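A short worksheet on the structure shown next.
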Protein chains: 2
Amino acid sequence: MIKAQTLKGFRDFLPTQMVIREKVVKTLKEVFEEFGFEQLQTPTLEYADVLMGKYGEEADKLLYTFDDRGGRKVGLNYDLTVPLARVLSQYSELPMPFKRYQIQPSYRAENPQKGRYRQFTQCDIDTIGSSSPLSDAEIIAVIYFALKRLGFNDFEIKLNSRNVSYGIMKNCGIAQDKWNTTLQTVDKLDKKSIEELDLELEEKEMGSKLFSSSINTEIAKVSKNWTDNQDTGDKYLNQVYKTVIQLGVNTNNIQFNPSTVRGLDYYTGPVFETFVKDANIGSVASGGRYDQLIEQLGGPQLPAVGTTLGLDRICDAMEETNQSQSNQLSTTRVLVSIFSPELKEKSVELSSRLRSNNINTELYLDENAKIEKQLKYADSKQIPFVAIIGPDEAKNNTVTLKNMQTREQKVLPLQDLPNELTQ
Amino acid sequence: MIKAQTLKGFRDFLPTQMVIREKVVKTLKEVFEEFGFEQLQTPTLEYADVLMGKYGEEADKLLYTFDDRGGRKVGLNYDLTVPLARVLSQYSELPMPFKRYQIQPSYRAENPQKGRYRQFTQCDIDTIGSSSPLSDAEIIAVIYFALKRLGFNDFEIKLNSRNVSYGIMKNCGIAQDKWNTTLQTVDKLDKKSIEELDLELEEKEMGSKLFSSSINTEIAKVSKNWTDNQDTGDKYLNQVYKTVIQLGVNTNNIQFNPSTVRGLDYYTGPVFETFVKDANIGSVASGGRYDQLIEQLGGPQLPAVGTTLGLDRICDAMEETNQSQSNQLSTTRVLVSIFSPELKEKSVELSSRLRSNNINTELYLDENAKIEKQLKYADSKQIPFVAIIGPDEAKNNTVTLKNMQTREQKVLPLQDLPNELTQ
């Protein structure tokens, strides 16, 4: 006897969990498409050659690779950017700029821990082939409108640019070959104390108290200038910000923040992270401009800007900030019960009538079950309403509607039920 | 230099191909949920133990299995029914009946050929835990309403039952241990001549000319009775049919057909296949009742009925019967061009205004491109409209709208554009 269990590090999503995931995915797709992004899907398996050596040795160790029955070395996609780079090489006919979104699982053999799984869904949007600040601004506007439409109000997009960071590091006298290492340290500002960051930079032989005496002061200085005159010191970033506001983003939700550096080496221009207040889960949407990465990943030489929205984190944020509480946990609106075998047809007809009004309707499937059992079933599935046609209702052409939350019930004319349920 | 190529037997779906796939998936989900089916998602990887030995040796050879880095034997899901059986064993708290749908890829190391891929998407709906003919009828009604909503009118659901087939084989004097083999032969009636089927049964030592002299005659007899009195000879199947009609299925689209047997051994009651006329692609939705399979697959002992809708086949059928021709191949409705750097802001504002009316709007991302280049871009992406704000339009608060199909263009007040584009 084989034990029924989900593979370690992987997850099942039962119907009540899927309701919120589907809502998020549907909303993201809507907003992506409103901004002219179109969907791409790539397969789960790729030639291992396509996947290996793209993000360094540590990443290679996380790849799921194996030999298929034809002796090919294959692997499961590690992210959605490497397949994108392959697609850009392979289909030269794609119109440029290529604005694509992709919502698919990626696979990494990480040590599973809270919030980290071996299969996880990323929602990526990227604009390939444009060097215009309009394209950076659009990506940021998509994040804003997506979060707004999901019901978030209290969130902040923190905006910065590599050029601003480069200027700060120059002013601090840091040698250019130490810039990436410095940025990786600055990236930890949210998680570590200033003393710890000083120690870290000292250990990396960047200089003693470099963070507290110089970098931090320089960041504060740039930050202060911004408050005064809305100038980041970087012309490109200023244009991005201006366009973001023109696109309808509320100034309360976006903030220039020179301490927001993304730790990843490949960014070349604007970078951004998005934090939902009252949700202690890190950035829900991070990204930036990466003009050399597509080529480094084996694709053509094309400028690019994009973001990843983490589906799990957004769903978690919705739970933590109660966005999801007002929503039902079932996609079904009403359970049509069956009072008795003789009255079965009445219930079948009613279920059809409700569906023809596009109301999600479950017909109870056992004509011999007691009404109490049917009500319990509706409760266990969190279906908000139950409709009952007993002998009286059948005679009078009415229906009894029970609200499963308030436990109130009322009798109404049969033809009024669709309206009642769509209110 | 690594060659950019899709893994053999796998596919990329570029944006123009995704439009129709998304439309089909969205419609199927709508109809599934209207009938009270709720979504389940299971991971791509399972313990190999969960997958192996479920459909016989031949199927095991098609499994993608390998050892992960932790030394676990794992595999990619072969279908969606084995993971369903695992879920049913694992989560005893699931309310019964469990009406779930699942739309996910499955993976089989088949020899790739036209229409057969190593990764393919199945749309499964199943009702687990009900022995009522209502549940069989619902599955069939879902197929009907899904195809109708996708725009198909000319299709036929062929309905039969194992019990009818058993009666026919009994009357032909076929021993019970030969029934499955006989059904596998009868299942080929669409593809082979009567002589070939006779030969096949003879080779399997079932008897000479058994098909032409006996089975075929018996099938015709049962078929004829149906025409006369709507009685299949099987009480359960009669109830299913009656309920299907009560649920609103048009009698033109469903037909009792005693030669429709599904070749698979595990069916125990009603079986059905669905054919779209004018599309030469086999059944787009097949299924039936399988009361022992869930247990055989390692799940609990529960009755079940369900169907698989093949996403690829439905998309092919839409193309072959021109359902998709009237649809645009882009999700984007309009490209807002940029006339010149000075007029960029006007275009940015217009794109925002259109999006706030939920119109899918792409803003052209290069303020220095000639209008001709921008029109060509819209053509290459099959975007149906282009909006232009030049100096005159800016002065008069108007916009020029070009229909890319008719090549006609007209000038209209800026505030009228959203209405014009949602018509």
Side-chain angles (χ1 to χ4, degrees), chain A residues 2 4-7 10-15 18 22 33-34 36 38-47 49-50 64 66 68-69 74 86-87 89-91 95 97 100 105 109 119 130 132 134-135 243 246-248 298 331-332 345 348-349 352 355 358 360-363 365-366 377 380-381, chain B residues 2 4-7 10-15 18 22 33-34 36 38-47 49-50 64 66 68-69 74 86-87 89-91 95 97 100 105 109 119 130 132 134-135 243 246-248 298 331-332 345 348-349 352 355 358 360-363 365-366 377 380-381:
Chain A
I2 295 149
Q5 54 183 345
T6 319
L7 181 60
F10 290 76
R11 286 172 294 175
D12 298 309
F13 294 103
L14 300 182
M18 279 307 297
E22 273 291 289
E33 291 180 2
E34 273 176 26
E38 300 192 302
Q39 195 172 3
L40 171 70
Q41 273 185 6
T42 56
T44 305
L45 290 178
E46 298 272 357
Y47 285 106
D49 274 355
V50 168
Y64 280 98
F66 62 98
D68 79 0
R69 285 170 198 270
V74 301
R86 175 182 60 69
V87 162
S89 292
Q90 203 170 326
Y91 305 93
R100 83 89 173 81
Q119 173 175 343
S130 170
S132 165
L134 290 173
S135 57
T243 310
Q246 279 168 1
L247 284 169
T331 47
T332 306
E345 282 189 26
V348 172
E349 275 167 32
S352 279
R355 285 178 196 128
N358 300 315
N360 293 351
T361 305
E362 177 164 357
L363 175 67
L365 291 174
D366 182 358
Y377 176 76
S380 70
K381 293 195 71 179
Chain B
I2 294 148
Q5 54 183 346
T6 319
L7 182 60
F10 289 76
R11 286 172 294 174
D12 298 308
F13 294 102
L14 300 182
M18 279 308 295
E22 274 290 290
E33 292 180 2
E34 273 175 27
E38 300 192 302
Q39 194 170 5
L40 172 71
Q41 273 185 8
T42 56
T44 305
L45 290 178
E46 297 273 358
Y47 285 105
D49 275 354
V50 167
Y64 280 98
F66 62 97
D68 79 0
R69 285 171 199 268
V74 301
R86 175 182 59 70
V87 163
S89 290
Q90 202 170 327
Y91 305 93
R100 84 86 174 80
Q119 173 175 342
S130 170
S132 165
L134 290 174
S135 58
T243 310
Q246 279 169 359
L247 285 169
T331 46
T332 305
E345 283 189 26
V348 172
E349 275 168 32
S352 279
R355 285 178 196 129
N358 299 318
N360 293 350
T361 305
E362 179 164 355
L363 175 67
L365 291 174
D366 182 358
Y377 175 75
S380 70
K381 292 195 71 177

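Just so it is clear: chains get the letters A, B, ... in the order the sequence lines come, proteins before strands, and each one is counted from 1. Computed from a predicted structure; not experimentally measured.
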TODO: Name the member of Ser132(B), Ser135(B), Pro15(B) that forms the most heavy-atom pairs with chain A at distances under 4.5 Å.
DONE: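 Among Ser132(B), Ser135(B), Pro15(B), the one with the most close pairs to chain A is Pro15(B).
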Mind checking the [atom1]-[atom2] spacing from [X] to [Y]? Nearest 0.5 Å is all I need.
X         : Y         : atom1 : atom2 : result
Leu7(B)   : Asp68(A)  : CG    : CG    : 6.5 Å
Ser352(A) : Leu247(B) : OG    : CG    : 4.5 Å
Arg100(A) : Leu14(B)  : CZ    : CG    : 12.0 Å
Glu38(A)  : Thr332(B) : CD    : OG1   : 4.5 Å

Report yes if the side chains of [X] and [Y] come closer than 4.5 Å at any heavy-atom pair, otherwise no.
X         : Y         : result
Met18(A)  : Leu40(B)  : no
Pro43(A)  : Gln119(B) : yes
Asn358(B) : Glu34(A)  : yes

Between [options], which has the largest tally of heavy atom pairs under 4.5 Å with chain B?
options                                    : value
Ala109(A), Ser380(A), Pro105(A), Gly248(A) : Ser380(A)
Asp366(A), Leu365(A), Val87(A), Thr243(A)  : Leu365(A)
Glu349(A), Lys381(A), Glu362(A), Arg69(A)  : Arg69(A)
Thr44(A), Val50(A), Leu363(A)              : Thr44(A)
Thr361(A), Val74(A), Asp49(A)              : Thr361(A)

- [ ] Against chain B, label Arg11(A) side chain, backbone, both or neither, depending on which of its atoms sit under 4.5 Å from a heavy atom there.
- [x] backbone
TODO: Just say parallel, tilted or perpendicular for the rings of Tyr64(A) and Phe66(B), cut-offs at 30° and 60°.
DONE: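 Geometry flag for Phe66(B) against Tyr64(A): perpendicular rings.
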Open item on the list: Please check: side-chain N/O of Gln41(A) versus main-chain N/O of Asp12(B), any donor-acceptor pairing under 3.5 Å?
Closed with: no
Task: Region of Ser130(B) in contact with chain A, defined by heavy-atom distances below 4.5 Å - done: side chain
Task: Minimum heavy-atom distance Glu46(A)-Gln5(B), with the two atoms named - done: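 In this case the closest contact between Glu46(A) and Gln5(B) is OE1-O, 4.4 Å.
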Open item on the list: Minimum heavy-atom separation for Pro97(B) and Tyr377(A), please, with both atom names.
Closed with: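 Nearest pair, atom of Pro97(B) first, then Tyr377(A): O-OH, 2.9 Å.
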